[in-house]
Structures are given as C-alpha cells and as structure tokens.
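If you read the sequence from its start, that first residue is 1, and numbering goes on from there.
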Amino acid sequence: INPDIAFHNAVAKACHNDVLIKFFSEMRQPTKHWMMQKAKFDWGYEKVYEQHDYILKAIESKDGPGAEAALKAHLRSTGEKLVIAILESR
C-alpha cells in the first residue's frame with residue numbers, strides 16, 4: 001500500500017500543480033483506507049501496476065494527452081472496484 005501511495009504522490013508532484021499536491025496530501029488517509037479495503041479482495045495488483053506503468057511512461061515522454069487518458073482509465077477502474085467493495089461490505 002505504501003508504494004502505491006508514494007506513486008500517487010510522485011505523480012502529483014510531477015504535475016507541478018499545488019492544488020493537486022494539496023489534494024493528495026489531504027486525501028492520504030482516505031486513500032490509504034480505501035487501499036486497505038481493496039486489499040481484502042483477491043483482485044491482484046497486476047492491472048494496477050500496468051495502469052501505473054502507462055501513466056509513468058506517458059509522463060516521462062511528456063505525452064500530456066496520453067497521461068490524461070491513462071489517469072482517467074486508472075481512476076475509472078479504481079472507482080468501479082470501490083463501488084463493488086462498498087456494496088459487498090454491506
């Protein structure tokens with residue numbers, strides 16, 4: 001979980017966006033809580049690593065549209081899993 005959080009913080013810092021950096025700082029605990037909930041499911045991290053790799057490669061190559069698309073895909077996938085985790089915890 002900690003490497004995942006570190007990755008998200010590094011992406012925020014790479015964007016040089018103070019609002020985004022502050023957002024991730026404020027969301028550290030809720031994000032960590034969500035990741036701990038997600039870890040209870042046998043979803044594996046391969047897909048997450050793959051998504052992070054796409055994001056990182058786009059940032060490294062200064063491909064703004066590619067980074068945006070990769071981030072959106074990652075957030076969509078994560079959001080879907082969050083909904084499943086919430087529904088199954090009831």
Side-chain angles (χ1 to χ4, degrees):
I1 292 174
N2 289 331
D4 201 354
I5 291 173
F7 174 81
H8 290 125
N9 287 331
V11 168
K13 288 177 183 175
C15 293
H16 303 288
N17 181 320
D18 290 337
V19 174
L20 188 60
I21 293 168
K22 176 77 171 165
F23 173 78
F24 272 103
S25 175
E26 296 293 326
M27 293 301 294
R28 176 177 282 254
Q29 279 308 112
T31 301
K32 189 172 186 173
H33 175 75
W34 151 237
M35 289 178 181
M36 290 168 57
Q37 295 302 312
K38 186 175 75 167
K40 294 177 183 177
F41 294 86
D42 187 25
W43 289 330
Y45 276 91
E46 295 79 21
K47 183 77 170 172
V48 172
Y49 296 145
E50 182 180 297
Q51 292 168 346
H52 284 180
D53 192 47
Y54 288 141
I55 294 165
L56 181 60
K57 285 180 179 173
I59 291 170
E60 289 176 337
S61 66
K62 300 185 184 331
D63 177 8
E68 180 180 357
L71 282 164
K72 285 181 178 179
H74 179 55
L75 291 173
R76 189 171 23 261
S77 173
T78 302
E80 290 168 0
K81 288 181 177 171
L82 176 59
V83 170
I84 292 168
I86 290 170
L87 291 175
E88 290 191 12
S89 69
R90 291 183 173 184

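Sorted by first and then second residue, the pairs that involve residues 69-85 and meet salt bridge (Lys or Arg N to Asp or Glu O under 4.0 Å), not counting sequence neighbours, are E68-K72. Residue pairs that meet the salt bridge (Lys or Arg N to Asp or Glu O under 4.0 Å) test with at least one member in residues 3-23, sequence neighbours left out, are K22-E26.
Summarising the geometry of G66 relative to A58, their closest heavy-atom pair is C-CB, 3.7 Å, with the distance given to 0.1 Å.
In this structure, the separation between OG on S77 and NZ on K47 is 6.5 Å, given to the nearest 0.5 Å.
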Inset, instruction - Go through the steps for V48 and H74 under the test side chain to side chain contact (heavy atoms under 4.5 Å, CB included), then give the verdict. - result: CA-CA 8 Å; V48 172; H74 179 55; 4.2 Å; yes
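Taking D63 as the reference, nothing meets the salt bridge (Lys or Arg N to Asp or Glu O under 4.0 Å) condition, with sequence neighbours excluded. With sequence neighbours excluded, the residues forming a side chain to side chain contact (heavy atoms under 4.5 Å, CB included) with I5 are I1, N9, R28, K32, M35, listed by chain and number.
Apart from F23 itself, the hydrophobic cluster it occupies contains L20, F24, M27, where clustering links Ile, Leu, Val, Met, Phe, Trp and Tyr at side-chain heavy-atom distances under 4.5 Å. Grouped with L56 in one hydrophobic cluster are F7, V11, I55, I59, L71, the linkage being side-chain heavy-atom contacts under 4.5 Å among Ile, Leu, Val, Met, Phe, Trp and Tyr residues.
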